[in-house]
Amino acid sequence: MAATRPVVKEKGDTFTYEGKNRTNNQSVRGDVVARNEKEARDKLMRRGIQVISIVKVKKTRAKKITSGDVTVFSRQLATMMKSGLPLLQAFDIVAKGHSNPSMTELLLDIRSDIEQGSSMSKAFAKHPKYFDDLFVNLVQAGEAGGVLEDLLDKLATYKEKTESIKKKVKSALTYPTMVVVVAVALIVVMMVFVLPSFKSVYEGMGAKLPALTQTLMNISDFFVAHWFLLLVVVGGTVFGLIQWHKRSPELQKRVDGWLLKAPIFGDIVTKAAIARWGRTTATLFTAGVPLVEALESVAGASGNIIYEEATHKIRKQVAQGTSLTAAMHASQLFPNMFMQMASIGEEAGSLDDMLNKASAYYEEEVDTAVANISSLMEPIIMVVLGGIVGVILVALYLPLFNLGNVVA
């Protein structure tokens, strides 16, 4: 058996052309990769194509592939497959129509693998950074059962739901974080630029400064003298914490556990994790994946290490014959309503349907909680920012008031 030759990517620019096939005189159009227009025309001539027009495709800046890009691709592919388009043609249309050049390149690589005889699930599995085990398992189940179009549609719906809930949780956490950053920046600006101006005025007066003002002036002097050192320390600390979090499972577990218990935001994170857990389990179970195997993928897609570890324990108990509801109850991570709906689904043989309904309920709860937090945080943040600025202004003008009293 001859060894398969590796596919070598052509280097150069992409040219879009229109022309006529000299063999049958039919109009043709397409793309060709070449280093320049002359080389592109020569390639087309060797293919028996008379070029009518040829245009160089402008290169756009490559961007990072996000989970949102994968979600959009999933929906577009599902829609085209359900409309009856052949798989390769659907891939071609979605890839070339994508706004992210990096995603286009990725999809064309996958299309190339499929064209050479690879199954779609194996082609996706070559890119685990973008297509996780859950994605691959659902596609594989669709190929095996001959229901690829239906499962792609379910997969697209699942991706849209999980992406939506992730964005809502991020928006709930981002707002206060950004306000804190703005508050810190405001304090730094006042310490570095505003207070030194007032200091020169107060030194000209020769009066003794109040304790509050003197304290702020000392802090300002420290900021002005050591701003570069502070920048390095703060930047290094943030970078170090990020890297430590990436490489330390123990720290990740502590952070995830803290997020679940955090005041105000913990409830949102918990409900989002439960909704994602239920939606993932239901989607895999609908695809015909056995529950024990489905839970393996659910653990990796849970988005929280606490729920990931609990899911592994649930999987072991289910494999030993324990019911899903009993195993969930033992983890003490799921609310009673969620477990009751799962129990009804187990008894009625409609576990996927009940988990989907429970997940939809908790997704709505997340929506409501995010809206409530946004309205609640605004006045609190205004009071905090106003208090910080107020203290600094009082400290700045206090010497002037004292000087007025002395003169009087």
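In this text, all values refer to a predicted model and were calculated from it rather than measured experimentally.
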Polar side-chain atom of [X] near backbone of [Y] as donor-acceptor pair, under 3.5 Å:
| X | Y | result |
| --- | --- | --- |
| Glu346 | Leu324 | yes |
| Thr213 | Ala395 | yes |
| Thr286 | Asp352 | no |
| Asp256 | Ile305 | yes |
| Ser74 | Ala156 | no |
| Thr280 | Arg276 | yes |
| Ser343 | Gln340 | no |

For [X] and [Y], test the side chains for any donor-to-acceptor distance below 3.5 angstrom and give the result as yes or no.
| X | Y | value |
| --- | --- | --- |
| Glu160 | Ser164 | no |
| Ser121 | Ser119 | yes |
| Arg75 | Thr157 | yes |
| Glu163 | Ser67 | yes |

Is it true that, when you exclude [X] itself, more than 12 heavy atoms of the residues, nucleotides or ligands shown sit nearer than 6.0 Å to its [atom1]?
| X | atom1 | result |
| --- | --- | --- |
| Gln332 | CD | no |
| Lys122 | NZ | no |
| His312 | NE2 | yes |

Is any side-chain heavy atom of [X] closer than 4.5 Å to a side-chain heavy atom of [Y]?
| X | Y | answer |
| --- | --- | --- |
| Gln243 | Lys246 | yes |
| Met337 | Tyr362 | yes |
| Glu18 | Ser27 | no |
| Leu107 | Met103 | yes |
| Val389 | Leu393 | yes |
| Tyr307 | Thr270 | yes |
| Thr281 | Leu291 | yes |
| Phe223 | Leu195 | no |

From [X] [atom1] over to [Y] [atom2], what is the distance, rounded to the nearest 0.5 angstrom?
| X | Y | atom1 | atom2 | result |
| --- | --- | --- | --- | --- |
| Leu212 | Leu398 | CG | CG | 6.5 Å |
| Ile306 | Ser331 | CD1 | OG | 11.5 Å |
| Glu293 | Phe285 | CD | CZ | 12.0 Å |
| Ile242 | Arg247 | CD1 | CZ | 12.0 Å |
| Ile344 | Met339 | CD1 | CE | 12.5 Å |
| Met341 | Thr325 | CE | OG1 | 12.0 Å |

So, for [X] and [Y], which heavy atoms are closest and what is the spacing to 0.1 Å?
| X | Y | value |
| --- | --- | --- |
| Trp277 | Leu295 | CZ2-CD2, 3.9 Å |
| Val391 | Leu216 | O-CD1, 4.4 Å |
| Glu308 | Ala299 | CG-O, 3.2 Å |
| Leu106 | Ile65 | CD2-CD1, 3.8 Å |
| Leu85 | Ala90 | CB-CB, 4.5 Å |
| Met81 | Leu148 | CE-CD2, 4.0 Å |

| request: Kindly determine whether Arg46 and Asp42 satisfy salt bridge (Lys or Arg N to Asp or Glu O under 4.0 Å), including the steps that lead there. | output: CA-CA 6 Å; Arg46 288 195 293 271; Asp42 291 341; 5.3 Å; no

| field | Within the 6.0 Å centroid threshold, strictly below: Phe73 and Tyr130 | value |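 Not close enough - the centres of the two rings lie 6.0 Å or further apart.
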
State whether [X] and [Y] are salt-bridged, where the test is any N-O pair (Lys NZ or Arg NE/NH1/NH2 against Asp/Glu carboxylate O) under 4.0 Å.
| X | Y | value |
| --- | --- | --- |
| Glu39 | Arg35 | yes |
| Asp150 | Lys154 | no |
| Asp69 | Lys64 | no |
| Glu365 | Lys271 | yes |
| Asp113 | Lys126 | yes |
| Glu309 | Lys253 | yes |
| Glu363 | Arg279 | yes |

| request: Would you sort out whether Ile187 and Met191 count as a side-chain contact (heavy atoms from CB on, under 4.5 Å), showing the intermediate values? | output: CA-CA 6 Å; Ile187 293 170; Met191 289 292 179; 4.1 Å; yes

| field | Parallel, tilted or perpendicular: ring planes of Phe334 versus Phe338, cut at 30 and 60 degrees | value |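 The rings of Phe334 and Phe338 lie parallel, inter-plane angle below 30°.
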
| Would you call the rings of Phe91 and Phe124 parallel, tilted or perpendicular, where under 30° means parallel and over 60° means perpendicular? |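 Geometry flag for Phe124 against Phe91: tilted rings.
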
| field | Worked verdict on Glu143 versus Met120 for side-chain contact (heavy atoms from CB on, under 4.5 Å) | value | CA-CA 8 Å; Glu143 288 177 315; Met120 193 193 300; 3.1 Å; yes

| Where do Ile54 and Leu44 land on the side-chain contact (heavy atoms from CB on, under 4.5 Å) test, with the steps shown first? | CA-CA 10 Å; Ile54 186 166; Leu44 294 172; 4.2 Å; yes

| field | Evaluation steps, side-chain contact (heavy atoms from CB on, under 4.5 Å), between Phe222 and Leu229 | value | CA-CA 10 Å; Phe222 182 80; Leu229 178 63; 5.9 Å; no

